[in-house]
Structures are given as structure tokens and as C-alpha cells.
Amino acid sequence: MDSGLDSGNYEPAGEAATASFRERVLAVVKLIPAGQVTNYGTVALLAGKPRAARQVGGILYGLRESEMDVPWQRVINAQGGISTYKVGSGELQVALLKAEGVEVIDRTVDLNVYGWRPDDDLLSG
DNA sequence: TGTATGACAACAA
DNA sequence: CTTGTTGCCATAC
């Protein structure tokens, strides 16, 4: 646990303003409802870095068992496609999504059906 | 301190 | 529809 200190990433007992981008990204991903998906750009936007979509992928790539509570499978690309095939997690991601009821056809998800609308989530709760 | 990298995104042809 | 190019910016080295 603590022995495996994360890459120079500490939390100076302050506000989220000092929290690393990584911390905020993981927090945002946890907000994605089961059975729905969103894209890297949206996660980056909600994390406060509208142009850091690529970094979101890089962060999720480094996830380990410690962060297994992060529903990374709900994050796909803006085209509704599974981006994890290039890192060998495609099959796993599709399996996890289908287990939540998300239909994946030809490695693609219909964002018009399963796309998460942060607005709806904010309005309802 | 500087360079290279990449689970992206938007656009051109 | 596909393929290639460009912009982007936090991390890694």
C-alpha cells in the first residue's frame, strides 16, 4: 500500500486546487454512472483541463489494483470506439461494459444511447 | 532544464 | 467510410 509510493504525487493537505490532475481525473471517472460511457475529452474537461484528453488516457493506463474502484472501462474515445485495444485491454474493457449493459458493436459504442450526459447527472442530483 | 512520448481530438483529402 | 496531419499538454526520462 503505502510502500508503493505513487510517482511523486502527494496531497499537501489542502483543497482540490492543489490536487494533481491525476487525482481529479480519477474523481471524475468515478462519477460516471454504470451502464453509461463518456470520452477522454469530457473527463479532461470536468477535471479542469479541456485540452488534456491524451493525459487522461495516460493516467488510466497507469491504473493498478489500488485504483480498481475506478470504472476506467466507461471511458472511450470521442468516436465511441474502444481505445484500449492498442494496449491490450480492449477485450477486457468490452467485457466489463457488456456486464453493465452497454452494447458494444464492432468495437464501438453508440454515444447517442450510452453516452453520459453530465448535465443530466447534475440536474437530477 | 530540455526532449520525447501518447488508452485523444479535430480536420483535410 | 479510411488514412494522414496537426494541435494539444501532463509525464517520463
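Lettering of chains follows the sequences in order, A, B, ..., and the numbering in each one begins at 1. The figures that follow rest on heavy atoms only: side chains count, while hydrogens, waters and symmetry mates do not.
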Of the nucleotides [options], which has the atom closest to the [X] side chain?
{"X": "A:Arg51", "options": "C:dC8, B:dA9, B:dG6", "value": "C:dC8"}
{"X": "A:Ala52", "options": "C:dC9, B:dA9, B:dA7", "value": "C:dC9"}
{"X": "A:Leu60", "options": "C:dC9, B:dA10, B:dA7", "value": "B:dA7"}
{"X": "A:Ala53", "options": "B:dA7, B:dC8, C:dC9", "value": "B:dC8"}
{"X": "A:Asn39", "options": "C:dT11, B:dA9, B:dC8", "value": "B:dA9"}

Atom-pair distance ([atom1] on [X]; [atom2] on [N]), nearest Å:
{"X": "A:Tyr40", "N": "B:dC8", "atom1": "OH", "atom2": "P", "value": "6 Å"}
{"X": "A:Glu23", "N": "C:dT11", "atom1": "CD", "atom2": "P", "value": "10 Å"}
{"X": "A:Gln79", "N": "B:dA7", "atom1": "CD", "atom2": "P", "value": "15 Å"}
{"X": "A:Asn77", "N": "B:dG6", "atom1": "CG", "atom2": "P", "value": "18 Å"}
{"X": "A:Phe21", "N": "C:dA12", "atom1": "CZ", "atom2": "C1'", "value": "16 Å"}
{"X": "A:Ile76", "N": "B:dA7", "atom1": "CD1", "atom2": "P", "value": "16 Å"}
{"X": "A:Ile59", "N": "C:dT11", "atom1": "CD1", "atom2": "P", "value": "5 Å"}
{"X": "A:Arg22", "N": "B:dA7", "atom1": "CZ", "atom2": "C1'", "value": "14 Å"}

(Q) Does the structure place the NZ or CZ of A:Arg107 under 6.0 Å from the centre of the six-membered ring of A:Tyr85, at an angle of no more than 45° from the ring's axis? (A) yes
Q. With A:Thr38, which of A:Val43, A:Val28, A:Leu31, A:Val29 fulfils side chain to side chain contact (heavy atoms under 4.5 Å, CB included)?
A. A:Val43
Q) Can you tell me which stems DNA chain B forms when a stem means 3 or more consecutive Watson-Crick or G-U pairs under 3.5 Å? A) B:2-6 with C:9-13, B:8-13 with C:2-7
Membership question, hydrophobic clusters at under 4.5 Å side-chain separation (ILVMFWY): are [Y] and [X] in the same one?
{"X": "A:Val56", "Y": "A:Ile76", "value": "no"}
{"X": "A:Leu60", "Y": "A:Trp116", "value": "yes"}
{"X": "A:Leu45", "Y": "A:Ile59", "value": "no"}
{"X": "A:Leu97", "Y": "A:Val113", "value": "yes"}

Q: Could you tell me whether the phosphate oxygens of B:dA7, OP1 or OP2, come under 4.0 Å of any side-chain nitrogen or oxygen in A:Ser89?
A: no
(Q) Check the phosphate of C:dC8 against A:Lys49, side-chain N and O only, distance under 4.0 Å to OP1 or OP2. Yes or no? (A) no
Q) Are a donor atom and an acceptor atom from the side chains of A:Gln36 and A:Glu100 found within less than 3.5 Å of each other? A) no
